[in-house]
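To keep things clear, I will list the structure first and then write my remarks on it.
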Amino acid sequence: DAGVTQSPTHLIKTRGQHVTLRCSPISGHKSVSWYQQVLGQGPQFIFQYYEKEERGRGNFPDRFSARQFPNYSSELNVNALLLGDSALYLCASSLEAGTGVYEQYFGPGTRLTVT
Amino acid sequence: AQRVTQPEKLLSVFKGAPVELKCNYSYSGSPELFWYVQYSRQRLQLLLRHISRESIKGFTADLNKGETSFHLKKPFAQEEDSAMYYCALNNAGNMLTFGGGTRLMVKP
């Protein structure tokens with residue numbers, strides 16, 4: 001298993017545009033979480049999905065949305081991009097979610113630059 | 001609200017010296033804390049979790065609820081320990097709150 005995979009690796013967008021980031025979890029993992037990591041800071045939680053349902057949402061504006069597909073892969077969408085959205089976007093998968101502690105496995109991230 | 005603070009952005013030590021990476025948290029419930037590590041050009045990965053009370057690569061971390069701390073320690077640093085270290089708090093449902101990170105540099 002290649003672990004969590006994310007695409008694309010890098011992309012450059014212009015302010016006001018829309019972007020879609022993709023994540024494939026480890027085989028057998030049902031939960032996917034998204035984090036934003038601004039340069040010089042720790043990752044910040046955006047969303048968690050489990051069995052195609054949103055289980056948690058961080059303090060991000062409605063321009064951010066996500067979904068999870070029947071094969072447990074996930075997309076993160078960001079509308080009306082701002083310069084401040086420039087960051088590394090990390091996807092993490094875990095076996096389960098909810099009660100109990102499940103190790104999260106991180107992908108390599110997608111580097112988004114907004115100009 | 002939950003919060004994780006790592007007061008040092010950079011910690012530089014010589015090989016063989018003891019290391020302590022500081023982490024303080026604020027959380028109203030019973031905390032579940034982790035240390036994650038990111039080596040150069042590698043993914044963020046779990047180093048250890050407080051509930052397992054294990055030692056990984058010589059690192060240990062003790063949860064001190066009185067001081068709301070979860071410091072990461074190693075008695076003798078190795079050059080291969082050089083990396084970014086993040087302390088993280090597990091909110092209900094495995095949603096992580098990370099600290100800002102500490103870069104550890106171990107000099108030969």
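Just so it is clear: chains get the letters A, B, ... in the order the sequence lines come, proteins before strands, and each one is counted from 1. Model, not experiment: these values are computed from the prediction.
- Looking at A:Tyr35, only its side chain comes within 4.5 Å of chain B, counting heavy atoms on both sides.
- Around atom CG of A:Leu39, no more than 12 heavy atoms belonging to other residues, nucleotides or ligands sit under 6.0 Å away.
- With no hydrogens or angles considered, a side-chain donor-acceptor pair links B:Tyr86 and A:Gln37 at under 3.5 Å.
- For a residue to count as touching a neighbouring chain, one of its non-hydrogen atoms must lie under 4.5 Å from one of that chain's; by this rule A:Gln104 touches chain B with backbone and side chain alike.
- In terms of heavy-atom pairs under 4.5 angstrom with chain A, the leader among B:Arg49, B:Gln45, B:Met84 is B:Arg49.
- Taking chain A as the reference chain and counting heavy-atom pairs below 4.5 Å, the highest number among B:Leu46, B:Leu96, B:Val4 is found for B:Leu96.
- Chain B forms more heavy-atom pairs under 4.5 Å with one residue of A:Gly56, A:Gly109, A:Gly107 than with any other, namely A:Gly107.
- Interface remark: B:Arg41 contributes no atoms to any contact with chain A (heavy atom separation under 4.5 Å).
- With respect to A:Arg55 and A:Glu53, no salt bridge is recorded, no charged nitrogen being found less than 4.0 Å from a carboxylate O.
- For the side chain to side chain contact (heavy atoms under 4.5 Å, CB included) with B:Tyr25, the qualifying choice from B:Arg3, B:Lys65, B:Gln2 is B:Lys65, the only one to do so.
- Here the side chains of A:His29 and A:Val4 are not in contact, with every heavy-atom distance at 4.5 Å or above.
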